[in-house]
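A quick write-up on the structure given underneath.
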There are 2 protein chains.
Amino acid sequence: MTGVDLVIFTVRDDVLHVLLTQRPDGPNEPCPGLWALPGGFIDVEKDASLEACARRKLAEKTGVASPYLEQLGSWGGNARDPRGWSATHVYFALIPSEGIEPRAGGRAADARWHPVRDHGVREKLAFDHVAILSAALERLRNKVEYTSLPAFLLPEEFTLSELQHVYEIVLDRPLNKSAFRTRVRDADLIVEVPRQRSGANRPAQLYRLKDRRHPVFFPRTFSPRGE
Amino acid sequence: MTGVDLVIFTVRDDVLHVLLTQRPDGPNEPCPGLWALPGGFIDVEKDASLEACARRKLAEKTGVASPYLEQLGSWGGNARDPRGWSATHVYFALIPSEGIEPRAGGRAADARWHPVRDHGVREKLAFDHVAILSAALERLRNKVEYTSLPAFLLPEEFTLSELQHVYEIVLDRPLNKSAFRTRVRDADLIVEVPRQRSGANRPAQLYRLKDRRHPVFFPRTFSPRGE
DNA sequence: TAAATAGTGTCTCTAAGACATTATTTG
DNA sequence: CAAATAATGTCTTAGAGACACTATTTA
């Protein structure tokens with residue numbers, strides 16, 4: 001049986017979160033009551049491709065129409081599901097948290113954002129989802145070093161300080177301000193919008209992405225970890 | 001029906017090659033006579049996992065026991081195979097060409113190395129294998145910029161000049177000699193072997209990889225120059 | 001000796017990092 | 001005014017690129 005699973009990340013209250021659904025209880029249900037990555041099976045009528053299936057499930061769970069989505073990989077074997085040999089195609093999504101509340105749908109008894117600590121989530125996960133989540137985190141943290149991925153965690157308009165802040169959250173380390181700004185400018189990934197964010201201080205210029213679907217690759221990583 | 005396909009690269013006569021098999025002719029065979037990536041279906045008895053299946057097929061086709069192997073991604077949809085909705089898990093392998101001759105096995109009428117030009121191969125390919133090969137090439141060429149992947153295309157012992165040469169073949173551009181050498185040295189990925197390669201010139205020191213399974217990631221790409 | 005390739009040294013340039021400084025708002 | 005954050009400038013440093021130079025072998 002071939003399925004599609006999703007690792008959906010967002011940032012809420014300055015912490016990275018992942019969306020999980022609770023497995024239903026029941027006599028023939030595998031991993032009853034455990035938290036799992038949202039997913040399901042391909043509908044050969046509705047889904048023209050694997051990615052179409054992933055987009056459909058993502059819309060069902062979050063209501064987000066066009067988030068950043070990329071394939072993470074696939075996991076398959078005889079040990080991951082008590083019912084026998086199985087394989088799943090896993091996709092990886094980044095969405096802004098503003099105005100998004102997870103929806104319970106179908107057999108997913110409950111869907112909730114879970115804060116991501118060091119290498120995963122506090123709760124015990126179903127199937128091999130610990131390994132999948134861990135791979136997703138590794139992918140995210142690697143790509144943050146040399147791409148514009150964190151921008152997809154922000155709402156449509158954002159300031160440069162806000163952008164730097166999500167980078168710092170995902171990387172879990174501070175970045176240099178002027179280096180960050182020249183890098184972002186040089187990469188030509190954002191455009192000014194004629195508006196500013198004001199507060200009890202100097203107002204900040206607002207920007208939006210030139211392309212909300214494709215990330216930009218920087219020529220270097222942030223900090224050559226030569227150590 | 002879920003399958004596993006392989007994109008197996010090697011370098012022969014200073015040119016990148018990919019291994020292809022010819023589809024069998026027959027009344028109910030899809031894409032008869034066209035060249036295709038080697039692959040097949042999972043054997044739930046023999047294959048404990050997707051990767052195990054890929055390694056088994058690779059050994060069958062090439063006889064290579066422990067090559068560099070990584071997952072490339074999966075392709076699935078209703079348009080890729082005339083028989084209907086299908087999905088395949090694709091793996092990506094790099095092997096040295098020395099002493100390796102492709103083996104025809106099972107229904108693969110013929111297996112041959114095909115030179116890779118710009119974006120693929122001269123022959124028409126079966127199914128969606130043009131897209132898969134193109135993705136594999138993109139992955140390879142990207143990773144060559146910041147990893148030690150090309151080293152897996154060389155035999156166990158090699159000189160620094162030979163290593164630089166495979167990089168140049170895959171990248172299709174010359175590299176700076178001294179920069180290349182300091183980078184490789186600093187990355188701590190090779191060790192000297194007490195032997196030299198001699199010819200009609202100064203003999204060259206031979207090296208081997210410290211780890212023939214995992215690539216090393218360099219802190220920067222080769223040429224950040226914004227084209 | 002010349003030819004050939006191995007291997008190193010020097011200089012420049014780009015972009016990151018550290019950190020100080022200036023700018024512009026509100027209370 | 002002070003407080004707060006935005007935005008920029010200056011100096012240093014790491015590593016890539018260009019390219020010249022030295023080293024060591026065979027014929």
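Numbers restart at 1 for each chain; the letters A, B, ... are given by sequence-line order, proteins then strands. Computed over heavy atoms, backbone and side chain alike; hydrogens, waters and symmetry mates excluded.
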Legend entry - Residue closer to the 5' end of DNA chain D, A/E162 versus B/A179 (nearest nucleotide):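 It is A/E162, whose closest nucleotide lies nearer the 5' terminus.
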Legend entry - Comparing B/K177 and A/L160 on DNA chain D - which has the more 5′ nearest nucleotide: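 This one resolves to A/L160.
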Inset, instruction - Report yes if at least one side-chain N or O of A/S161 is closer than 4.0 Å to OP1 or OP2 of D/dA6; otherwise report no. - result: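 It does, given that an N or O in the side chain of A/S161 lies less than 4.0 Å from OP1 or OP2 of D/dA6.
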Inset, instruction - Sequence neighbours left out, what pairs pass ring pair (Phe, Tyr, Trp, His ring centres under 6.0 Å) with at least one residue falling in residues 170-200 of chain B? - result: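 Only B/Y167-B/F180 qualify under ring pair (Phe, Tyr, Trp, His ring centres under 6.0 Å).
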Test side chain to side chain donor-acceptor pair (under 3.5 Å) applied to [X] - qualifying residues, sequence neighbours left out:
{"X": "A/E168", "answer": "A/Q164"}
{"X": "B/R139", "answer": "B/E70"}
{"X": "B/Y146", "answer": "none"}
{"X": "B/K177", "answer": "none"}

Expressed in angstrom and rounded to an integer, what is the separation of [X] atom [atom1] from [N] atom [atom2]?
{"X": "B/L163", "N": "C/dT5", "atom1": "CG", "atom2": "C1'", "value": "16 Å"}
{"X": "B/R183", "N": "D/dA18", "atom1": "CZ", "atom2": "C1'", "value": "16 Å"}
{"X": "B/F180", "N": "D/dG15", "atom1": "CZ", "atom2": "P", "value": "17 Å"}
{"X": "B/N176", "N": "C/dC13", "atom1": "CG", "atom2": "P", "value": "15 Å"}
{"X": "B/E168", "N": "D/dG17", "atom1": "CD", "atom2": "C1'", "value": "13 Å"}
{"X": "A/D186", "N": "D/dT8", "atom1": "CG", "atom2": "C1'", "value": "14 Å"}
{"X": "A/H165", "N": "D/dT5", "atom1": "NE2", "atom2": "P", "value": "12 Å"}
{"X": "A/L175", "N": "C/dA15", "atom1": "CG", "atom2": "C1'", "value": "15 Å"}

Inset, instruction - Using heavy atoms and a sub-4.0 Å distance, could you list which residues of residues 192-211 of chain B are near DNA chain C? By number, please. - result: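 Those residues are B/N201, B/R202, B/P203, B/A204, B/Q205.
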Inset, instruction - Report yes or no: is there a donor-acceptor pair, N or O only, under 3.5 Å between the side chain of B/S178 and the base of C/dG9? - result: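 Yes, the side chain and the base share a sub-3.5 Å donor-acceptor pair.
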Inset, instruction - For the residue pair B/T159 and B/L206, establish whether any side-chain heavy-atom pair is separated by less than 4.5 Å. - result: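 B/T159 reaches B/L206 side chain to side chain.
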Inset, instruction - Could you tell me whether B/R195 and B/E156 make a salt bridge, using a distance below 4.0 angstrom between a side-chain N and a carboxylate O? - result: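 Between B/E156 and B/R195 there is no salt bridge, as every charged N stays at least 4.0 Å from the carboxylate O atoms.
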Legend entry - Listed nucleotide nearest any side-chain atom of A/R181, set C/dT8, D/dT8, C/dC19: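 Closest nucleotide to the A/R181 side chain: D/dT8.
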